[in-house]
Amino acid sequence: MSRKSFPGCFSRIIWKKHFFKETCCQCAASDTEIQNEGLEKRGKLKKRKKKNENKRVIISNLSFGSTKWKENPNRYYNSNKIKTTKYTILTFFPKNIYEQFHRFANIYFVVIALLNFVPVVNAFQPEVSVIPICVIMAITAIKDAWEDFRRYKLDKEINHMGCYIYSRKDRAYVEKCWKDVQVGDFVQLQCNETIPADILLLYSSDQNGICHLETANLDGETNLKQRRVVMGFSGQNTLFEPEFFQNTIICEMPNNDLNKFKGYMEKPNNERIGFNIESLLLRGCTIRNTEVAVGIVIYAGHETKAMLNNNGPRYKRSKIERRMNMDIFLCVGLLFTMCLVGAIGHGIWAGSFSEHPPYDVPDENGNFPSPVLAGFYLFLTMIILLQVLIPISLYVSIELVKLGQVFLIHNDIDLYDEEADLPIQCRALNITEDLGQIQYIFSDKTGTLTENKMVFRRCTVDGHEFSHQENAKRLETHKELDLDYADFVKLQHFTLPSMNTERPGTYNQRTMRPLRRCQSARAHFQGHTRNRSLGRRDSNRSQVAFSSTIEKDVTPDSRLLRRVREAALQTENLSPFIHMQTATSLTDFFLALAICNTVVVSTATEPRQRVIVPPPIKPSGITLEKIHQIFHRLKLASLSQSFSSSQSSSELGASFSAKNTGEHLAALDCCDEDNDCCDSNRGTGLQDKASTDIGSASLDEVFKSVTHGSLPTDFCYEAESPDEAALVYAAQAYSFTLVSRTPEQVTVQLPQGTLLTFDILYTLGFDSVRKRMSVVVRHPLTKEVIVYTKGADSVIMDLLEDSGKADTYAERRRKRIKDRTQKHLDYYARDGLRTLCIAKKVLNEDDFQKWANFRREAEAAIDNREDLLMETAQHLETKLTLLGATGIEDRLQDGVPDTIAALREAGIQIWVLTGDKQETAVNIAYSCKLLNQRDTVFTINTENKETCESLLNLTLEEVRKNYEVEKPQRKFFDFIPTSSPASEEPSPEFGLVIDGRTLSVIFQGGLEEKFLELTRHCRSVLCCRSTPLQKSMVVKLVRRQLKVMTLSIGDGANDVSMIQAADVGIGISGQEGMQAVMASDFAVSRFKHLKKLLLVHGHWCYTRLAKMVIYFFYKNVSYVNLLFWYQFFCGFSGNTMIDYWQMIFFNLFFTSLPPLVFGILDRDVSAETLLGLPELYKNGQNSEIYKLSTFIITMFDAFYQSLICFFVPYLMYKDSDIDVFSFGNPINTISLLTILLHQALEIKTWTLFHWITIIGSVVIYFVFSLIYNAACVVCNPPTNPYWIMEKQLSEPTFYLLCLITPVIALLPRFFIFALQGTFGTSLILKAQQLDNLPKEQQDLEIQKLRSRKQTTSDAPIASPASNDDLDQNISHLCLSPFLHPAAETVSPRDTKSQGLSTSEVNPLKKWTPEEGYYFFNRWTEEEYTATESSAGPFSGHCPLVPSRVTSPGQDSGKPTKDKGKKNNHGSHRRSVSAVTL
C-alpha cells in the first residue's frame, strides 16, 4: 500500500513545546527513579543516575492513552515534526533586524541616521536620513523571508507525508502524518517505503530477521545495507504484537554519527539484550526486499541522525570580503580626515569675523557658540553629510551578485553529470570569488582522481602469478571505445572477434562487447533541459551499485582457468599431472573470493529481490558423492604430497608484458632458493605442458556442457564496497559462482556444476583498525570449521603462521610462497593496483567452541562491547595460511590528466593526500601527470626525528643548489612576460613523496618550517598512508604558514576534516557516500569539473566581484567629493548644492542596477580562451584586480573625476546669478553620466541587460527629476528645486556641460586603456584581443601561445646535452624498502672499482634502512626499443638495480649509453645513483 498525504492534516496546526537535551536528561533521570525504586534502598540510585545522564530511556506509548499522555516520560522528547525555518510571522521582524545588526555597517548607518535627529548637527531632514538604511535592510529582509518561505514549503511537504502507526484504540496500524510520530510509537513499514524516523527494528517479514535498506537519500550509496532484528525477536513465526511489548529501551543520546549506535533492552525480568547500528533504521532511507518491517521510534524529528547531519549551507568570509573590510576602514579614515578639514575650516572661517554675520543665528539664550564648539558641531554635521563615502549598499549588492553567480554556476550544462543525473551543488553561497584565487589544491586519490570502479586485473595463487593478459586487452578495448556519443552509436553493434579456442576468454556466457562507463560523456540536451529518466535515481532502472559491465565481465587468464579445470576434473583420479596442494590452494582461493564478503545476491530480471534459495540446476556428470570423495582425497594428499613449484620461469615471464620484465621476475623467483627449486621448476613446466596438451578438447567440451546447463539465469551482486563486487565477479569468471546467501548459509556453484552450501557460523566485518574481514564457515563435505580472511597485505603478512615451529619442508614451502607473493604484491602496487591478501585457517572443534563462547559473551556485553568484539576478532585471525593475493585496478576518471595539467599551467600547486600504499600512489601520480618522467622524485620514509631532520636538510641543500643553477636560465628563456606568481614558483624538476609516519615525526618534532621550505621548491607532493587527522593538519599548516588560498577535494568520510580545514572545500558525490558532500562548500560528480569550475567560473566570479567592489568605492568617493569641494565655497557650513532626495536616490536607484548586472553577467575573457590559456588564472591568484595599489589608484581617479565634475560647471557658471540648486543640478547630472560611462568602459561583454540597465538608469533619473521638480513647490524651504530640470533642459549650456565634462573626466582612464591595448604585454589583454578574432584564427593563436610557453619552460632541460648535464647536476640518492635489496647487490669491490671509498658510499654508518629511506630519481627520455612495446609491471617509481654508485657531489655524468640500455626496464632510461645512508 502506498503512502500518501491526506488533506485533513493541512488544515490542522499543532503547536508543541520543544525541549532540549537538558530536559531529556532530566526526563531520563526521573524515569529511572520510577522504575528502579529497589535500587534506591540499596544505595545504588546515585550511581545509576550518573551513568544515565548520557543515556535515553524509552518505553512503549501504548500503555499511555491520550488521557494519560502527561504521565508518559516520552513526552519530553522531540516530536517528528521538523522545522528548518528561522522565523515565524511573529518573530520575523525582531529576529531579522537583530541578525542584520550583526553587521558593523548597518549599526554605523543607524547611528548616523539617529545623529541627524539632533537639531544642532543635522544635515538633512531627519525623516529623509532614515530612508537609505531602511531600504537596504528591507531588501535584505525580503531576501531572507523568501528563502525562509521556501524552507517552510519543503518542511510542510515532508511533515505531511503518510506512514502507519499502531493505534491501541483501533488495535491496528492507522495512517498518520510524519509529524504526528512520537518517540515510543510502533511504526509499520512496507517495501519501497521511506523511513519517517530513526526506528529500532523489532520485526521483519524475512524468515531470518533481515531487513534491507537503500541509503541513497542519506549518503548517496546505492548498494543495499543489511539490518537485523534485535536479538531475541528474530525467531518470531507470527506477526509482531506491539501491545505485548513491555521492555524498556536504554540507548545513547542523539548524535550525528551515522555508523555508530549502541544500547540495550531491559526485559521485565531484568534480562538485558544488547543492540547496535545493525538494528537501527535511519530516517530518509528506503526499505528494500522486505515486505513488512515493524519497529519502535528511538529518535524523531531534529534528533534523528539524518537531521543532525544536515547543517545546511556553510557561511565563510571570502578573501575579497576580508580585503574589503580593510578598505572600509581606510574609507572611514578618509571620512574623518575630510570632516576634520571641514571642522577646522569652519572654525577658522567663523573666527575671521569681528562681528557675527547676520545669517549666523544664535541659540535660544542669544549666545553664539565658540569657534571650537562650532567646529565640533560641524564635524558631526560633515559625518552625516558625507556618510555615503561608506558604501551602504555594497553589502546587499554583493549578496545579490553572489546569488546570481551561484545560479549561473549551478545551471552550467558542462558541470552536469548526465550519468549520475547530478548538477553541481553550491552549498556555500558567499565564497564564489575564492574559486578564482586558489593557489594550493589538496586532493584525495581513491574516488577523486580514480573512478572507485574496481576492475579485477591480476592475481597470484600459491606463489604463482597470473597476468590476465586477455582481461587487460578487454579493458584497453573499452578504453579505446570510450568515445563521443556519435562514435558510440556507430560502434554499439560491434562485437570483438572470438578468442582462441584454446583460451576461453568469454567464459561467462555473454558476448564480449564494448562497454562504456558512461554512454554520454558529454551532456547532449536540447534547450539545456535535463532528461531525468537517464539518471541513477530513476526507479525504472536497475540501481545495483558496482555492477557496470566493465566491472562484471572478467576475462579469465587462460593458464589459470586451465589449471582450475584440471584440478576439478583430474583430482578424482589423483592424476600425477596436478599437484594436490596446488589444487587445494586454487579451490580455497576462489572459495574465499566467493564467500568472504557480505554480498547480496539477486537476479538480473529482479535486481532488488534477494536470492535466498539456490535455483534448481540440471544434473551434471559429477555427483555430490564424487565431490565428497575428491575433497577427502585432496585433504590426505595435501599431507603427503611433496612440494614442487608448478610454474617455469618462461611461463612466469610470459605473465608480464615486457620481455626483460618477465625474465627479471623469473630470476627473482629463484634468487633466494636453492638449485633444486629451480630444477624443480623446469621439470614441473614440462609436466604442466603435458597436462595441458592431454585432452584439451575434452576439457573444453566437458566444461562447456556444465556451464551451459547449470544455472538458469545471471546473478546481480550488491556489495557494500566495489572491491567486494570485483572479487565476486572474478570468482564467477572461474566458475566459482556465488548463488545465494542468507545470514546462516551461503551457496557456491563449483566448476563441476555442483552446488556447495556452507554454514556461516560468524562474519567478522571489515574495519579500519583491523584492515581485514573474515568469515567463519563449516565445510559441507569435510565438516571442518574454516576461517577465510582477506585484507591489506601489510596486516595479513604479519598474521601468517610462524614457519619456525613447523618441519623443514613446510617451513621452506610457506617461506617461499610468502616471499614470492610479497614480490608480486610490490609489483602490483608499483603498477598502480590495489592489493588484497587472501588467507585461511582450519580450526578444530574444541578451539572453535571456546572462541564461540568468548564471542557470544562479547556480543552480549553492555560495557566495552566494541573493544571485546575487536579482541575476539584479533584472537581468531592469527596463524593464517596464505592462499594468494589479488590486484585490482581503480581506473582513473575521465579527464583527470588534462585537468591536472591545466591546473598546473594555471600556477596551482597540487598535493595528493591519500591513505593508500606509497607505490600505488606514486604510479597513479605518474598516470595522471602529477609527476613527470623527467622529474627528480624525493622519497622520505622515517620514524626517527634526527634522521628526518638530517634528510630534510640534505634534500633542501640539493634542491637549493639546483634551483639557483636553473634560475638564470629560466629568466633567459622567459619570452612571454607574465605576472609574477602568487607564491614562489616551484622548480618543475622536483617531486616529493612522504608517508604518514614521517608526517607524524615532522609535526611532533617541530620540523614544519623545513618541510614547507622543501615543498615550495617541489612541483608536486604526495602524502601516502595519511590518516584523516594528518590530512587536515597538512592543509592547516600550508594555509596558515604560507598565507595562501587552499582548496581540498575528496569523496569519502575520511576526507571530511581535510575539506573543512581548507578555504574552499569540494566534495565529490561518488561511490563512497555523501559525507564529503555534506561537509563541503561545493559538490561535483567528477574531478574534471574542477577545470571549468576554477579556470572559468572562478576567474569570472573573482573578476566581476573585484571590479564591482572597486567600482562601488569609486562612485561613492567620487560623488561625496562633490559635496566636499562645495564646502570651500559655502564657509564650511555643511550645506549642499544638491537636493536631499536626489542625493539619496542617486546611490539607491540611479546607479545601483548597472553594477549588479556587471557583477553577474560580465565576461572579460570567453570560456574557450580561459580553458585554452590556463595561465590567465594567475590574474586572480595574484589579486591583480583588487589589491591595495589598485584601491589607491582608484581613489586618486575618483578625486580627479570629482574635481572635473565640480569645477568645470563652476567655471562655466562663475559670476552668474543662478541659485544653489541650479548650480547643483548640472553637477549631479554630469556626475551620473560620468559614473555610468566609467562603468561602460569596464564592461567587456555587452548584453541586452547591460544596455537596459545603463540607458534605463539615465532615463529614470531624468523622469524622476522632471516629475519631482515639477511637483516639489515648497517641499524643501527656504530653497526649492521647483522647475529646475525643466528650465535647464532648455539651455544649450547644460547640454554642452553634459557632453564635455564626462569626456574630460574619463579621458585619462580611456587613454591608459588605449595604451595598454596597443603596447601592453598583459596576457589578459592578449586574450581579449584573441576573442575578437574568427574561431579558426583564434584557435591557431592560442596554439602558438601555448607552444611558445612550453618551449620557454622546457628550454633549460631540453638542451642537446641535457642528459649529461642532468647527471652532472645531481647525484641521485636512493633508499627505500623496495629498493634496498637491489642496492645491496653492489659489492664493495664494485664500489672500489669506481674510485669510491666506503665512507663516501656510506657517509653515515649509524643510519640503517629501517630508520629512514631517502631517494630521488632523474628520469630522461629515450626512444622506444623494438622489443619494449609496453612498460609492464615495472613502469613504476624506481628501477630495481641501480646503474652505478656515486656519492653526493661526485661527477656522475660519464656513463656509457650501453650501460643505460642494459638496465632499461621500460620505455625510459632511468639514470640513478644510489647512496646508502
Side-chain angles (χ1 to χ4, degrees), residues 5 8-27 69-70 75-114 130-161 177-183 196-197 254 256 283 299-304 306-317 392-393 395-400 402-403 406 427-430:
S5 302
C9 294
F10 285 96
S11 59
R12 190 171 65 225
I13 301 177
I14 299 175
W15 295 89
K16 292 185 180 180
K17 185 176 182 181
H18 296 279
F19 291 84
F20 296 95
K21 290 185 178 181
E22 292 80 1
T23 311
C24 299
C25 294
Q26 293 171 7
C27 165
W69 179 251
K70 292 184 179 180
R75 72 185 185 276
Y76 295 108
Y77 302 139
N78 279 9
S79 71
N80 204 42
K81 181 179 180 180
I82 63 169
K83 178 178 176 291
T84 59
T85 57
K86 296 168 62 177
Y87 313 107
T88 64
I89 296 177
L90 297 178
T91 62
F92 175 74
F93 287 103
K95 195 171 182 179
N96 187 263
I97 290 174
Y98 173 76
E99 288 183 353
Q100 291 200 50
F101 279 163
H102 280 75
R103 286 181 175 174
F104 172 76
N106 289 340
I107 298 177
Y108 165 78
F109 285 109
V110 168
V111 171
I112 295 297
L114 295 177
V130 183
I131 292 176
I133 185 63
C134 289
V135 171
I136 296 300
M137 294 184 68
I139 293 175
T140 305
I142 291 172
K143 179 181 72 72
D144 294 341
W146 172 249
E147 292 178 354
D148 211 50
F149 179 71
R150 293 176 60 190
R151 288 192 288 264
Y152 166 76
K153 289 175 65 178
L154 184 61
D155 291 348
K156 189 175 181 180
E157 180 181 350
I158 294 175
N159 286 330
H160 289 81
M161 293 174 65
C177 294
W178 275 25
K179 66 184 180 66
D180 296 326
V181 176
Q182 300 287 339
V183 173
N256 63 351
R283 174 190 174 110
Y299 307 124
H302 289 279
E303 292 180 340
T304 58
M307 293 300 296
L308 291 174
N309 273 280
N310 185 13
N311 298 323
R314 305 179 63 214
Y315 291 93
K316 295 181 178 180
R317 289 178 60 200
I392 183 175
S393 58
Y395 287 99
V396 68
S397 299
I398 287 177
E399 284 192 6
L400 295 175
K402 288 182 178 180
L403 284 176
V406 165
R427 297 172 53 84
L429 306 179
N430 54 345

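- One finds the NZ atom of K81 at 10.5 Å from the NZ atom of K156 (value rounded to the nearest 0.5 Å).
- A distance of 15.0 Å separates OH in Y395 from CG in L400, rounded to the nearest 0.5 Å.
- Counting non-hydrogen atoms of neighbouring residues, nucleotides and ligands closer than 6.0 angstrom, the OH atom of Y152 reaches no more than 12 such neighbours.
- With values rounded to the nearest 0.5 angstrom, K153 atom NZ is found 9.0 Å from R150 atom CZ.
- Side-chain contact check for Y87 versus E99: some heavy-atom pair is nearer than 4.5 Å.
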Exercise for the section: Start with the C-alpha gap between R151 and K86, add the side-chain angles, then the distance that decides, and say whether side chain to side chain contact (heavy atoms under 4.5 Å, CB included) holds. Expected result: CA-CA 9 Å; R151 288 192 288 264; K86 296 168 62 177; 3.6 Å; yes
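- In terms of modelled atom types and a separation under 3.5 Å, the side chain of H302 and the main chain of M307 share no donor-acceptor contact.
- Residues that satisfy the salt bridge (charged side-chain N to carboxylate O under 4.0 Å, His left out) test with E399, not counting sequence neighbours, are R103, K143.
- Here the straight-line distance linking atom OG of S393 with atom CD1 of I398 works out to 9.5 Å at 0.5 Å rounding.
- Summarising the geometry of N96 relative to Q100, their closest heavy-atom pair is OD1-NE2, 2.7 Å, with the distance given to 0.1 Å.
- D148 contributes no side-chain N or O that, together with a main-chain N or O of T85, makes up a donor-acceptor pair within less than 3.5 Å.
- Of the inter-residue distances, the one linking W178 atom CH2 with E157 atom CD reads 10.5 Å to the nearest 0.5 angstrom.
- Using modelled atom types, one side-chain atom of N80 and one backbone atom of P196 make a donor-acceptor pair closer than 3.5 Å.
- Here the closest heavy-atom approach between residue T304 and residue Y299 is recorded as CG2-O, 3.4 Å.
- Side-chain atoms of N159 come within 3.5 Å of backbone atoms of D155 as a donor-acceptor pair (strictly under, hydrogens ignored).
- The two residues A197 and A300 make their nearest non-hydrogen contact at CB-CA, 4.3 Å.
- Between V110 and F101, some side-chain heavy-atom pair lies under the 4.5 Å cut-off.
- Here the side chain of N78 pairs no donor or acceptor atom with the backbone of E303 at under 3.5 angstrom.
- Contact of the I82 side chain with the I158 side chain is registered, since non-hydrogen atoms from C-beta on lie closer than 4.5 Å.
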